[in-house]
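Quick notes on the structure that follows.
These numbers come from the heavy atoms of this one structure, side chains and all, not from hydrogens, waters or symmetry mates. Letters A, B, ... mirror the listed sequences (proteins, then strands); counts begin at 1.
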2 protein chains.
Amino acid sequence: MADIESQIKILKDLIPKFLPGHSVDCVIFGYEDKELKVLLLNWKQMDIWALPGGFIFKDESMDDAAQRVLEERTGLSSIFLKQFHTFGKIQRSDHSQQEHHKKIMALMKPSKQDRKIVIDWFDHRFITTGYFALTDIRKATPRPDFLSEKCEWKSVSELPELIIDHAEIIQQAMHQLKIQLNYLPIGISLLPEKFTMIDLQKLYEAILGRPLERSNFQRKILKLGFLDRHEKLMSGAANKAPYLYSFNSTKYEELLEEGIGFRY
Amino acid sequence: MADIESQIKILKDLIPKFLPGHSVDCVIFGYEDKELKVLLLNWKQMDIWALPGGFIFKDESMDDAAQRVLEERTGLSSIFLKQFHTFGKIQRSDHSQQEHHKKIMALMKPSKQDRKIVIDWFDHRFITTGYFALTDIRKATPRPDFLSEKCEWKSVSELPELIIDHAEIIQQAMHQLKIQLNYLPIGISLLPEKFTMIDLQKLYEAILGRPLERSNFQRKILKLGFLDRHEKLMSGAANKAPYLYSFNSTKYEELLEEGIGFRY
DNA sequence: GCAAAAGTGTTCTCTATACACCCATGG
DNA sequence: CCATGGGTGTATAGAGAACACTTTTGC
């Protein structure tokens with residue numbers, strides 16, 4: 001596996017350029033099949049998952065580092081991205097993490113010195129800042145990093161086993177999403193260009209975790225006036241065809257300043 | 001000034017025990033004379049102010065570090081304290097900071113080596129996590145740290161000149177205070193045991209930055225039912241005496257879970 | 001009695017919510 | 001025509017804002 005080995009060499013050279021002790025982790029949200037999803041990485045040689053994360057270069061702001069991680073994993077730039085919490089407990093490492101690093105190290109034969117640098121780097125304590133991102137799942141192209149085998153969207157309602165405190169980080173991100181719902185460009189970030197009213201409602205329901213009344217939702221949203229109505233969507237089903245809508249981003253952004261009202 | 005010199009020696013020995021690159025800063029709020037105040041430190045030899053802050057020991061959680069800073073500067077423990085944002089721009093240092101360190105160094109004659117360790121420590125890049133605290137100003141006893149001359153409560157409406165990005169940190173803290181108002185134990189933390197309805201109203205007004213209608217405020221708060229009514233406060237003024245109230249903390253905490261409703 | 005501030009009542013509007021009803025579509 | 005789901009109407013309850021009115025206090 002010369003591939004990993006060369007990656008380790010690259011990493012060894014990068015390590016001195018990173019800020020020690022601090023990392024960023026991204027909770028990248030997408031929306032598909034009426035479910036809220038997050039992008040997760042599957043670690044090589046282990047059946048355990050992790051959030052996409054990375055380190056901060058000494059000459060790079062923390063926000064830029066998060067942006068870089070997001071871009072590397074999804075190919076997307078200029079996406080809504082916001083920090084939500086910094087995790088600073090002492091025990092931010094666990095058995096599975098150490099086991100993983102051992103297995104990775106076993107796969108390669110770098111020089112003793114390189115090996116030591118890399119192991120030491122991963123073994124010391126990190127404080128991590130969590131960011132959440134809102135993406136259109138159809139536009140993203142998930143790409144694993146060198147530590148990982150797979151990079152996949154996983155439904156937040158059935159998350160796989162996650163390393164260290166990453167389950168907690170996702171929980172926190174979802175809570176913040178709920179809390180800040182009225183001030184976030186939920187719809188415009190997570191939905192495709194055109195969508196039906198039910199699509200939008202289901203998205204809100206997925207985030208809020210509770211059902212909303214159909215007719216009232218429709219009236220409320222339309223009254224806010226940030227949607228443009230387009231042609232009807234003929235689904236082929238034996239029922240009335242819904243209109244397609246798109247966001248009038250000017251009006252939408254104006255309204256977001258004040259907050260679009262849904263209590264949680 | 002052997003005093004500073006011995007402090008520098010202590011600091012030099014502590015530095016290896018700190019996590020490099022990360023600090024905490026506390027925006028400690030108090031309420032007095034109908035004004036929201038924050039506790040600030042005045043740096044020795046300079047007419048510039050700073051937030052109380054500190055570093056994190058390698059075997060200490062970030063929350064504990066913030067708690068320690070709060071306790072060292074106010075003597076208060078078990079106070080409401082919560083992180084609100086992490087500041088990770090590259091240029092988190094400025095001219096006034098460097099000037100200050102030079103002046104401090106000039107005051108003392110430590111060994112060249114000690115001096116280098118301390119200067120290097122302060123000169124490298126820090127990411128800082130901001131915490132805000134809510135305190136009863138009457139119970140706190142402000143104490144300067146060794147870099148500072150004075151430690152005083154300053155009204156948020158007329159802040160003095162602050163180092164680096166500390167003005168921005170306070171702005172952010174105030175914004176979070178406003179946003180989270182309905183979920184924070186504002187009253188019980190910032191007011192004395194007993195207070196009048198107007199006291200509580202003025203506190204809310206100070207945080208929200210806008211006037212509230214007296215009679216409606218009274219009705220709304222009383223209807224929520226977390227206040228116990230006590231004797232009247234005879235002020236000696238030629239007007240009707242207001243009742244004194246205190247928080248029924250059980251009910252208050254129950255309600256805070258759901259949020260006590262004031263739109264901002 | 002008068003001024004000032006506290007406490008209570010009334011009215012109006014706006015929103016949320018529930019639910020009824022009509023409309024479009026394809027089988 | 002019927003089942004299904006979209007779109008609109010309506011009725012009611014509660015919250016919020018504005019403001020009038022009453023009560024208490026010290027001069």
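We find that CG of B/Leu212 is positioned 15 Å from P of C/dA6, with the value rounded to whole Å. The interatomic distance linking B/Arg210 (CZ) with D/dA18 (P) rounds to 10 Å, in whole Å. For B/Phe217 and C/dA6, the CZ to P distance is 12 Å, given to the nearest whole Å. What separates NZ of B/Lys202 from P of C/dA5 is a distance of 10 Å, to the nearest Å. B/Leu200 has its CG atom 15 Å from the C1' atom of C/dA6, to the nearest Å. In this structure, the CD1 atom of A/Ile221 is 17 Å from the C1' atom of D/dT8, given to the nearest Å. Atoms NE2 (A/His230) and P (D/dG7) sit 14 Å apart, rounded to a whole Å. Between the P atom of C/dG7 and the CG atom of B/Leu222 lies a distance of 8 Å, rounded to the nearest Å.
Not a single donor-acceptor pair, N or O on each side, falls under 3.5 Å between the base of C/dA16 and the side chain of A/Asn216.
With sequence neighbours left out, B/Glu32 forms a salt bridge (Lys or Arg N to Asp or Glu O under 4.0 Å) with B/Lys37. With sequence neighbours left out, the side-chain contact (heavy atoms from CB on, under 4.5 Å) criterion links B/Thr250 to B/Asn248, B/Glu254. In this view, A/Thr141 satisfies the side-chain contact (heavy atoms from CB on, under 4.5 Å) rule with no residue, not counting sequence neighbours. Legend: residues meeting side-chain contact (heavy atoms from CB on, under 4.5 Å) with A/Pro192, ordered by chain and number and at least two apart, are A/Asp136, A/Arg138. Evaluation of the side-chain contact (heavy atoms from CB on, under 4.5 Å) rule for B/Thr196 yields B/Ile198, B/Asp199, B/Leu233, B/Pro242, B/Leu244 as partners, not counting sequence neighbours. In this structure, the salt bridge (Lys or Arg N to Asp or Glu O under 4.0 Å) partners of B/Lys194, at least two apart in sequence or on a different chain, are B/Glu231. With sequence neighbours excluded, the residues that form a salt bridge (Lys or Arg N to Asp or Glu O under 4.0 Å) with A/Lys89 are A/Glu168. B/Ser246 meets the side chain to side chain donor-acceptor pair (under 3.5 Å) test with B/His230; sequence neighbours excluded. Here A/Glu71 pairs with nothing under the salt bridge (Lys or Arg N to Asp or Glu O under 4.0 Å) rule; sequence neighbours left out.
Considering all non-hydrogen atoms of both residues, A/Gly187 and A/Tyr252 come closest at N-OH, 3.4 Å. Shortest non-hydrogen contact noted between A/Leu212 and A/Glu205 is N-OE2, 2.8 Å.
Nearest-nucleotide positions on DNA chain D place A/Pro242 closer to the 5' end than the other of A/Pro242 and A/Glu213. Toward the 5' end of DNA chain C, the nearer of the two residues B/Thr196 and B/Arg219, judged by each one's closest nucleotide, is B/Thr196.
Note on the helix from C/dG1-D/dC27 to C/dG27-D/dC1: angle between the axes of the first and last five pairs equals 20°, rounded to 10 degrees.
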Could you write out each protein N or O paired with an N or O of nucleotides 12-15 of chain D at a distance under 3.5 Å?
residue: D/dA15; atom: OP2; partner: B/Lys223; partner atom: NZ; Å: 2.8

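Judged purely by atom type and a 3.5 angstrom limit, A/Thr74 uses its side chain to pair as donor or acceptor with the backbone of A/Leu70.
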Heavy-atom contacts, protein to nucleotides 21-27 of chain D, under 4.0 Å, summarised as B (base), S (sugar-phosphate only) or - (none) per nt, yield --BBBB-
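Residue B/Gln218 has no polar side-chain atom (N or O) positioned under 4.0 Å from OP1 or OP2 of C/dA6.
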